[in-house]
Number of protein chains: 2
Amino acid sequence: MYKKVARREDIIQAAIEVFSKKGFQSASISEIAQRAGVANGTIYQYFKNKEDLFFSIPVEKTNEFRSQVALHLEGISGVFNKIRKFVWYFLYFFKTNPDYGRLLMLELRVNRSFAKTETYDFLKQSVRSVWDILEEGQKEGVIRTDVDIYILRHLVLGILEHMVSRWLLKDAQYDILEQHQQVSRVLIDALRGEAPNGS
Amino acid sequence: MYKKVARREDIIQAAIEVFSKKGFQSASISEIAQRAGVANGTIYQYFKNKEDLFFSIPVEKTNEFRSQVALHLEGISGVFNKIRKFVWYFLYFFKTNPDYGRLLMLELRVNRSFAKTETYDFLKQSVRSVWDILEEGQKEGVIRTDVDIYILRHLVLGILEHMVSRWLLKDAQYDILEQHQQVSRVLIDALRGEAPNGS
DNA sequence: ATCAATATTGAATATGATTCATTTTTATTA
DNA sequence: TAATAAAAATGAATCATATTCAATATTGAT
């Protein structure tokens, strides 16, 4: 029946709204149920518990992020141009999705139980493109190989996630996107390293 | 009476143990009270509520971190040597304090209410040394000035906090300290920028 | 139209934070 | 030392919510 599919979606949609506004802790099942137009018990038909519902939220948005990154990178050549574009889109995505950003960056991303879910693995895949770009750059000889690719990924995701987290904690008051060029600049210098310059 | 001072300490100590093991959500006041050897109600004599107790934890450890950083930086000259030492101590501190690390990195650091407390401001001061080092480097002309110092700080703290967070989420299985040299290397290249090389 | 299967409901239960009237301890004074 | 007031501690009662489940309603098949 078509309604069954819709129900689950309704609940998730209501959950996004309530969890985004209140955070996991102070969001209540009653409010989510009410907003979804179902009884409290119905939620437990679709989700094991409050946490399970919470953890189901990022699936849809992760799909969006992944496909949009792929789309934006399409046709771009040159490893550093790809880095620039990724940095831009990462900041753009959270600038345009601050509510979801709060859930992802300030709650889910650092949740130990969430880190053990399949959704988390799925989420990690969404930044797979960074890994691919770094690997490509190392093969082409434009990205340093004297440092583990893991470290380079920590560098790229570290600065981006840190910036977005701090920005969200400050209630997204300033325009985070304005800084994308400076971020790309330092990252590219770090990734290139000294060797390619022959200094 | 001397016991009165000790009471508050007892409760905080018990809270560190219980919150570290279980996280904020599933730690219970009863367990903390029991471990501290007081009744449930006593906790509310010293702390407004569960969250207030949670937020009181980082004060002591922050003091330790700050004074140790200052001590380790003492006598070191050269901006990049200071960066290297800070990176090393940052990783060392969390390697030797993983329980506290979980509380700080995975819960407090991303908590919106905590970001509004005085303790949070105090905590931010603990990484003041990074700012000082960066400023010193810019004055000396060895650190790039074509990028905001804010961005440079995001870079340094971003990679470090990201590394520690991921490591804690993976149950601190590997030795995070092993990577300190590689981290310093990429950071220093990023901070130096291209210009000083004359390329 | 009937029936079995499935989905929904919301009152009852369970868990755990918080309150507060009572009791205990501490400090002060004679 | 005893009496008394002030401060601290207690834990049973209260309150707020997540979760359960027996009863009810809806759906799809024949």
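A, B, ... follow the sequence lines: proteins, then strands. Residue 1 opens every chain.
- Closest to the side chain of B:Gln45, from the set C:dT8, C:dG10, D:dT10, is D:dT10.
- For A:Arg109 and A:Ser165, the side-chain atoms include at least one donor-acceptor pair closer than 3.5 Å.
- Rounded to whole angstrom, the span from the CD atom of B:Gln25 across to the P atom of D:dA16 amounts to 18 Å.
- Look at B:Tyr44 and you'll find a side-chain N or O under 4.0 angstrom from OP1 or OP2 of C:dT18.
- Remark: side-chain polar atoms of B:Asn97 are not paired, donor with acceptor, to backbone N or O of B:Tyr100 under 3.5 angstrom.
- Closest approach to the B:Thr42 side chain among D:dT10, D:dA8, C:dG10 is made by D:dT10 (side chain taken as heavy atoms from C-beta onward).
- Ranking D:dA9, C:dG10, D:dT10 by closeness to the A:Ala39 side chain, first place goes to C:dG10.
- B:Arg7 has its CZ atom 12 Å from the P atom of D:dA8, to the nearest Å.
- At least one donor-acceptor pair closer than 3.5 Å links the side chain of B:Ser26 to the backbone N or O of B:Lys22.
- For the pair A:Arg192 and A:Phe80, the cation-pi criterion (under 6.0 Å, within 45° of the ring axis) is fulfilled.
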Verdict with reasoning, B:Tyr89 to B:Phe65, per ring pair (Phe, Tyr, Trp, His ring centres under 6.0 Å)
CA-CA 9 Å; B:Tyr89 184 73; B:Phe65 181 84; 5.7 Å; yes
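- The side chain of B:Lys50 lies closest to C:dT18 when the candidates are D:dT10, C:dT18, C:dT8.
- Between the CD atom of B:Gln34 and the P atom of D:dA9 there is a distance of 18 Å, given to the nearest Å.
- Counting to the nearest Å, the P atom of C:dG16 and the CD1 atom of B:Ile43 are 14 Å from each other.
- Within the 4.0 angstrom heavy-atom criterion, only backbone atoms of the sugar-phosphate kind lie near A:Ala27; the bases stay farther away.
- One interatomic measurement links the two molecules: CD1 of A:Ile11 to P of C:dA7, which rounds to 12 Å at whole-angstrom precision.
- Candidate nucleotides C:dT18, D:dA9, D:dT19 were compared by shortest atom distance to the side chain of B:Asn49, and C:dT18 ranks first.
- Look at NZ on A:Lys48: it is 16 Å from P on D:dA18, rounded to the nearest Å.
- Rounded to an integer number of Å, the gap from CG of B:Asp10 to C1' of D:dA8 is 15 Å.
- Between B:Ser28 and C:dG16, a side-chain N or O to OP1/OP2 separation shorter than 4.0 Å is absent.
- Whole-Å rounding puts the A:Phe47 CZ to D:dT20 P distance at 15 Å.
- The side chain of B:Asn40 approaches C:dT18 more closely than any other nucleotide in the set D:dT10, C:dT9, C:dT18.
- Where B:Gly41 and A:Ile29 each meet DNA chain D at their nearest nucleotide, the meeting point lying more 5' is that of B:Gly41.
- The side chain of A:Ser30 contributes no N or O atom lying less than 4.0 Å from OP1 or OP2 of D:dT17.
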